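Both ligands and their constituent atoms are indexed starting at 1 by order of listing. Numbers here are sequence positions counted from 1. Since the structure is predicted, the reported quantities are computational estimates derived from the model, not experimental observations.
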Amino acid sequence: MILQLEKIHKKYNDIQVFNNLSLEIKESEIVCIIGPSGCGKSTILNLISGLIQPDQGELMNKSNKIAYVFQEDRLLPWRTVYKNIKLVDQHSSKEKIDELITDMGLKGFENKFPHQLSGGMRQRCSIARAFNYQSELLLMDEPFKSLDYDLRRNMVNHLVKLWKKTQNAIVFVTHEIDEALLLGNRIIVLSDRPTSILKVFELGYPQD
Ligand code: ADP
Ligand code: ADP
């Protein structure tokens, strides 16, 4: 077990998001979380990453190295694509960064700044950056939202390819059931607020 949330309660002002949420994530698992807008999917990732604290309940996180891809890119505007990716690991080799840049379809854009890229390209740069960090746990919040259908499919395949190399645990929030089915070896379906787990689907690990 790399991660365990036990009987989590979380409230924002008068909005009760979680009343008693428990879930566990094992090493190397790819867990996809789907559920209606506002049910607390981002809140789960924020709790796991320690950005916010639960009101009640226990959160056990064995991973020291977490990477987080947010819904919107959080690139440093004054750094190029290459340097944004390098940022998270100053020892990473040029070969590794070049490979990530190619995988994410950013070849030729190494020296561009974020404002010179499309939204989708910035998001792909964030994904490359997350993968340049050897995380034990990768959190992704609708990372492909701003991409069109073909590119999303492509990104899912890239993600599987990268995961096969790193075998890190991934918690992946999405609205797209096809993404969840292609990627997840477990899919957790959440209800409306106050949020509970409606259903869990256990699937195989992603194939080639
Ligand atoms: P999801 O990711 O499933 O769309 P979120 O986790 O973003 O849902 O939000 C769950 C609920 O909590 C929503 O109703 C949202 O408006 C509310 N919420 C999230 N963050 C805050 C915050 N910082 N302050 C107040 N309310 C918040
Ligand atoms: P995405 O689906 O990644 O948001 P777009 O549909 O906006 O990308 O753009 C498609 C392609 O056009 C990109 O992959 C890129 O090659 C090129 N492109 C888009 N915006 C820019 C830009 N601001 N500067 C340079 N090239 C761009």
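Note on residues 50-89: pairs passing ring-ring contact (aromatic ring centres under 6.0 Å, His included), not counting sequence neighbours, are Tyr68-Phe70.
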Quick check on ligand 1: any N or O pairs to the protein under 3.5 Å? One line per pair.
from	atom 1	to	atom 2	distance (Å)
ligand 1	2 (O)	Lys41	N	3.4
ligand 1	2 (O)	Ser42	N	2.8
ligand 1	2 (O)	Ser42	OG	2.8
ligand 1	3 (O)	Cys39	N	3.2
ligand 1	3 (O)	Gly40	N	2.9
ligand 1	3 (O)	Lys41	N	2.8
ligand 1	3 (O)	Lys41	NZ	2.9
ligand 1	4 (O)	Gly38	N	2.8
ligand 1	6 (O)	Ser42	N	3.4
ligand 1	6 (O)	Thr43	N	2.9
ligand 1	6 (O)	Thr43	OG1	2.5
ligand 1	8 (O)	Gly40	N	3.2
ligand 1	14 (O)	Arg193	NH1	2.8

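Remark: the Tyr133 side chain and the Arg129 side chain contain no N/O donor-acceptor pair separated by less than 3.5 Å.
A salt bridge does not link Glu24 with Lys26: none of the charged nitrogens is closer than 4.0 Å to a carboxylate oxygen.
When every heavy atom of Met1 is checked against every heavy atom of Glu27, the shortest pair comes out as N-OE1, 3.2 Å.
In terms of the salt bridge (Lys or Arg N to Asp or Glu O under 4.0 Å) criterion, Asp89 has no residue partners (sequence neighbours excluded). Every residue two or more places apart in sequence or in another chain was checked for a ring-ring contact (aromatic ring centres under 6.0 Å, His included) with Phe131, and none qualifies.
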